[in-house]
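These values consider heavy atoms only, across backbone and side chains, with no hydrogens, waters or symmetry-generated copies. All of these numbers come straight from a predicted model, not from anything done at the bench. Proteins come first, then strands; the chains are lettered A, B, ... in the order of their sequence lines, and each starts at number 1.
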Amino acid sequence: MSKEICSRTQDYAQWYNDLIIKGGLADYSSVRGCMVIKPYGYAVWEHIKEVLDKEFKRTGHQNAYFPLFVPKSMFEAEEQNAEGFAKECAVVTHYRLKGDPVHKGKLIVDPDAKLEEELIVRPTSEAIIWSTYKNWIQSYRDLPLLINQWANVVRWEMRTRLFLRTSEFLWQEGHTAHETAEEALSETTQMLDIYARFIEDYMAVAVVKGVKSDSERFAGAVQTYCVEALMQDGKALQAGTSHFLGQNFAKAFDVKFADKNNQMNFVWATSWGVSTRLIGGLVMAHSDDEGLVLPPKIAPMQVIIIPIFKSAEEKQTIDITVHQLMQALANLGIRYKYDDSDKQRPGWKFAEYEMKGVPLRVAIGLKDLEKKQVEVVRRDNRTKQFLPLDQLATSLSNLLDDIQQAMLNKSKEYLQDHITRVDTWDDFKKVLNQKGGFVSAHWDGTAETEEKIKQTTKATIRCIPLETPLEEGKCIVTQKPSKQRVLFALAY
RNA sequence: CGGGAGGUAGUUCAGCCCGGUUAGAAUGCCUGGUUUGGGACCAGGAGGUCGCUGGUUCGAAUCCAGUCCUCCCGACCA
């Protein structure tokens, strides 16, 4: 019983940490703000990568890799972008260590090895990439340039949380260049749609698509599109962003192309990314007090098979049936594991794989074989059923589909139930404090009002939703006219 | 970066206030046996520079100073 996790109601933050650590996704490291992603957690990331990478390539993008370091002069070229990230940059100032003359066996930074120009460890790669694009783009024939990079970035955050905000994290960043604003904008929304579809279809997390307010916009962008998800504690999580960068970076890095009329123009740009933060969202969106609950499409193991036996002979009998099942599962492309170790008893295994969020558990004993059936338990709702051995793999495959769908439906319902329309300032505060979730309210469109709301309630505008109809109304704070409701929430 | 809590066996923790044999417990691990349909039981065994550095002292896990790291709350954060 050493692996019990804290309950959600008792301490939500502790519950989240327990899931990550005891579910085997990641470990704390001895490096400030950085974590070790363990094999089970990395497998989740690999699935995310695999699916998204296919989508990127399907839509014409290619992968490339750019340097980890950005010379300071290059970094500061796009002023807004540089300013936005300046406070959280790791900076390389020296390139050599030497023996400490005072403390034998220790090392000190060699003062003679100071760099002429400091190198910034990338917090994002716009600068290094755009300085490169300058050389790659001359003519409209070079456009569009559609590139994605899978990489690590470093942001020196004041306070870190496993997966949600770590000093170093893994992500992908797409950086594209286009002939026209329209084309760049359509790229921006195309990528946003890919994120939204992925998060809903694979991660089974319902999202709201929208655009950021001025104050929440990416530094250097003209418009930031985002997908926002809602966690079980009623706080919002920005799950992915797609930026329309206008010509800001083209101008900062002097990236021009000759059009068909031989006119020189600045290119139009986008950038878009999702990170390992998605895993944090995945964990918080679905899990319960027994452990992780992973959607089948992302789960490293989709089916765990556990034999119930008393002797080697019994196990041999069970093995025959299980091997047939495994072959059938493999044919259907289902990720399974047969845990036939006799080091742990079945009860221990049940608890362990529940903790790890494996969507389906199949238990097979002699009793079942006599009846030509197996016991199957769903992780999402923990219901138990007996399924006939005949066509079992197909039945399990269907069940996995059911689970995937059920998880998404549950998430959608939760989201819908937690978008609350309010029309008064009192209701706004009340809903935020008591119910949580998104509060849909009219806002006068000014940064001042937004800031005032943030100061008094800590809620921020998560997004101006794309799919909400225009509607005349009055700002809940200033009573000034407003044309559309926006979504407020406490956020991670 | 401010406030709070903490760092002792693989893990969770006790011991510290009030310094003193060989630093304990549970769990995990190893060996043997009995077990096996919801985190088994018995017996034996291995495992710790008490975060690190320095100081006080005859003597430091314990007192003092510094430092590193973690967690929580806040500020900050596309």
Side-chain angles (χ1 to χ4, degrees), chain A residues 1-6 11-18 20-22 27-35 80-81 83-89 102-103 106 123-124 126 153 155-162 164-167 169 171 173 211-228 238-245 271-275 277 290-291 306-312 314-315 318 340-355 361-369 374-375 377 382 384 386 454-455 458 460 462-463 491-492:
Chain A
M1 299 293 267
S2 66
K3 275 190 147 185
E4 269 184 24
I5 61 177
C6 188
D11 184 342
Y12 190 84
Q14 188 59 48
W15 168 75
Y16 175 75
N17 286 333
D18 282 355
I20 305 282
I21 302 294
K22 293 176 180 170
D27 248 342
Y28 294 113
S29 76
S30 45
V31 185
R32 155 182 252 156
C34 298
M35 64 174 177
Q80 286 193 339
N81 186 250
E83 239 183 81
F85 285 104
K87 290 183 300 244
E88 49 190 36
C89 286
V102 182
H103 304 284
K106 305 283 184 185
T124 180
E126 272 81 2
V153 289
R155 295 179 188 180
W156 215 262
E157 302 285 358
M158 288 301 173
R159 187 177 162 207
T160 55
R161 303 198 64 186
L162 293 168
L164 296 176
R165 182 174 287 111
T166 47
S167 296
F169 57 92
W171 77 344
E173 46 181 328
V211 297
K212 288 292 186 188
S213 65
D214 292 3
S215 64
E216 297 277 329
R217 182 180 302 143
F218 177 69
V222 172
Q223 188 74 281
T224 288
Y225 290 75
C226 63
V227 280
E228 295 280 330
Q238 178 176 299
T241 47
S242 184
H243 315 290
F244 172 60
L245 302 175
S271 72
W272 27 273
V274 295
S275 71
R277 176 181 243 205
E290 316 305 318
I306 297 173
I308 313 289
F309 59 91
K310 291 189 168 72
S311 65
E314 286 190 17
K315 182 170 173 302
I318 294 165
D340 63 346
S341 104
D342 59 358
K343 289 179 186 141
Q344 259 81 35
R345 303 172 77 227
W348 188 93
K349 294 177 186 172
F350 293 169
E352 180 66 12
Y353 292 105
E354 248 164 40
M355 174 82 75
R361 179 179 82 226
V362 175
I364 306 183
L366 287 192
K367 277 190 272 176
D368 304 304
L369 290 183
V374 296
E375 180 197 279
V377 177
R382 305 184 78 208
K384 186 183 283 190
F386 291 91
K454 187 178 172 184
Q455 289 303 322
K458 288 174 193 157
T460 49
R462 299 322 302 157
C463 72
Y492 276 97

Worksheet entry | Nearest heavy-atom neighbours spanning Arg277(A) and Leu164(A) | NE-O, 3.0 Å
Worksheet item: Taking the six-membered ring of Phe350(A), is the NZ or CZ of Arg361(A) close enough (under 6.0 Å from the centre) and on axis enough (within 45°)?
Response: yes
Worksheet entry | Closest to the Pro346(A) side chain, choosing from U36(B), C77(B), C72(B) | U36(B)
Discussion item. Taking any heavy-atom pair under 4.0 Å as a contact, classify Leu162(A): base, sugar-phosphate, or nothing.
Written reply: nothing
Fill in: For G66(B), the Watson-Crick or wobble counterpart (both distances under 3.5 Å)
C52(B)
Worksheet item: Ignoring hydrogens and angles, are the base of G37(B) and the side chain of Arg345(A) linked by a donor-acceptor pair under 3.5 Å?
Response: no
Worksheet item: Mind checking who C71(B) pairs with, Watson-Crick or G-U wobble, both distances under 3.5 Å?
Response: G4(B)
Worksheet item: C76(B) and G3(B): how far apart are their C1' atoms, nearest whole angstrom?
Response: 15 Å
Worksheet item: In whole angstroms, how far is the C1' atom of G37(B) from the NZ atom of Lys310(A)?
Response: 8 Å
Practice prompt. Verify whether one side chain among Arg217(A) and Ser215(A) offers a donor that lies under 3.5 Å from an acceptor in the other.
Written response: no
Worksheet item: When you measure from the side chain of Lys87(A), which nucleotide among G37(B), C77(B), G39(B) comes out closest?
Response: C77(B)
Discussion item. For a quick check of understanding: with a heavy-atom distance under 4.0 Å over all strands, which category does Arg277(A) fall into, base, sugar-phosphate or nothing?
Written reply: nothing
Practice prompt. Assign each of Gln455(A) and Lys349(A) to its nearest nucleotide of RNA chain B by heavy atoms, then name whichever residue's nucleotide is nearer the 5' end.
Written response: Lys349(A)
Fill in: Donor + acceptor pair across side chains of Thr224(A), Glu216(A) (<3.5 Å)
no
Discussion item. Using the P atom as the point on both nucleotides, what is the distance between G2(B) and G66(B), in whole Å?
Written reply: 14 Å
Discussion item. Measuring to OP1 and OP2 of U70(B), would you say a side-chain N or O of Asn17(A) lies under 4.0 angstrom away?
Written reply: no
Item to complete: Check whether any side-chain heavy atom of Val153(A) lies under 4.5 Å from a side-chain heavy atom of Pro123(A), and answer yes or no.
Response: no
Discussion item. Taking any heavy-atom pair under 4.0 Å as a contact, classify Lys315(A): base, sugar-phosphate, or nothing.
Written reply: nothing
Discussion item. Under a 3.5 Å threshold, yes or no: a donor from one side chain and an acceptor from the other, between Gln238(A) and Lys212(A)?
Written reply: yes
Discussion item. Of the listed nucleotides (G37(B), C71(B), C29(B)), which one gets closest to any side-chain atom of Ile308(A)?
Written reply: G37(B)
Discussion item. Rounding to an integer number of Å, can you tell me how far Arg462(A) CZ sits from C77(B) P?
Written reply: 12 Å
Worksheet item: If pairing requires Watson-Crick or G-U wobble contacts with both distances under 3.5 Å, which nucleotide is the partner of U12(B)?
Response: A25(B)
Worksheet entry | Listed nucleotide nearest any side-chain atom of Glu88(A), set G74(B), G39(B), C77(B) | C77(B)
Discussion item. Can you tell me if Arg161(A) touches the phosphate of C72(B), counting only side-chain N or O atoms and a distance under 4.0 Å to OP1 or OP2?
Written reply: yes
Discussion item. Mind checking if Lys367(A) touches a base, just sugar-phosphate, or nothing, with heavy atoms under 4.0 Å?
Written reply: base
Worksheet item: How is Trp171(A) classified with respect to the nucleic acid when contacts are heavy atoms under 4.0 Å: base, sugar-phosphate, or nothing?
Response: base
Worksheet item: Expressed in whole Å, how much space separates the P atoms belonging to U21(B) and U11(B)?
Response: 27 Å
Item to complete: Could you please spell out the steps behind the side chain to side chain contact (heavy atoms under 4.5 Å, CB included) verdict for Glu352(A) and Gln344(A)?
Response: CA-CA 10 Å; Glu352(A) 180 66 12; Gln344(A) 259 81 35; over 6 Å; no
Worksheet item: Tell me: CH2 of Trp156(A) to C1' of C1(B), nearest whole Å?
Response: 15 Å
Discussion item. Looking at the base of G38(B), is there any donor atom on it, or on the side chain of Glu354(A), that sits under 3.5 Å from an acceptor on the other one?
Written reply: yes
Item to complete: Hunt down the Watson-Crick or G-U wobble partner of G32(B), both distances under 3.5 Å, from any strand shown, or write none.
Response: C42(B)
Practice prompt. Find the distance Tyr492(A):OH to C77(B):P and express it as a whole number of Å.
Written response: 19 Å
Item to complete: Just compare G38(B), G37(B), C69(B) and give me whichever is closest to any side-chain atom of Val377(A).
Response: G38(B)
Worksheet entry | Nearest-Å distance for atom pair CG/P, residues Asp342(A) and U34(B) | 13 Å
Discussion item. Work out how far the C1' atom of C69(B) is from that of A60(B), and round it to whole angstrom.
Written reply: 23 Å
Discussion item. Could you tell me if the side chain of Pro346(A) sits less than 4.5 Å from the side chain of Ile308(A), heavy atoms only?
Written reply: yes
Practice prompt. Could you tell me whether the side chain of Arg165(A) has a donor or acceptor atom within less than 3.5 Å of a complementary atom in the base of C77(B)?
Written response: yes
Worksheet item: Under 6.0 Å from the CH2 atom of Trp171(A), do we count more than 12 heavy atoms belonging to anything else shown?
Response: yes
Fill in: Pairwise C1' distance, A26(B) and G47(B) [rounded to whole Å]
15 Å
Fill in: Inter-nucleotide P distance (C30(B), A46(B)), Å rounded
16 Å
Response to the item:
Comparing nearest nucleotides in RNA chain B, the 5'-proximal residue of the pair Gly84(A), Ala363(A) is Ala363(A)
Discussion item. Could you identify the nucleotide paired to C58(B), looking across every strand shown and requiring Watson-Crick or G-U wobble geometry with both distances under 3.5 Å?
Written reply: G20(B)
Worksheet entry | Integer angstrom distance from the C1' of C50(B) to that of G19(B) | 14 Å
Worksheet item: Looking only at atom C1', what distance separates U56(B) and G48(B), rounded to whole Å?
Response: 26 Å
Worksheet item: Looking for any heavy atom pair under 4.0 Å, which part of the strands does Gly33(A) touch: base, sugar-phosphate only, or nothing?
Response: sugar-phosphate
Worksheet, complete the sentence: Rounded to whole Å, the NZ-C1' distance (Lys454(A) to C76(B)) equals 8 Å
Practice prompt. Just call it for Phe350(A): base, sugar-phosphate, or nothing, with non-hydrogen atoms closer than 4.0 Å on any strand.
Written response: base
Item to complete: Take the protein atom CE of Met158(A) and the nucleotide atom P of G74(B), then report the distance between them rounded to whole Å.
Response: 16 Å
Item to complete: Have a look at Asn81(A) and say if it touches a base, only the backbone sugar-phosphate, or nothing, with a 4.0 Å heavy-atom cut-off.
Response: nothing
Worksheet entry | From G39(B), G74(B), G38(B), nucleotide with atom closest to Arg159(A) side chain | G74(B)
Practice prompt. Using whole Å, report how far CH2 of Trp348(A) lies from C1' of C29(B).
Written response: 13 Å
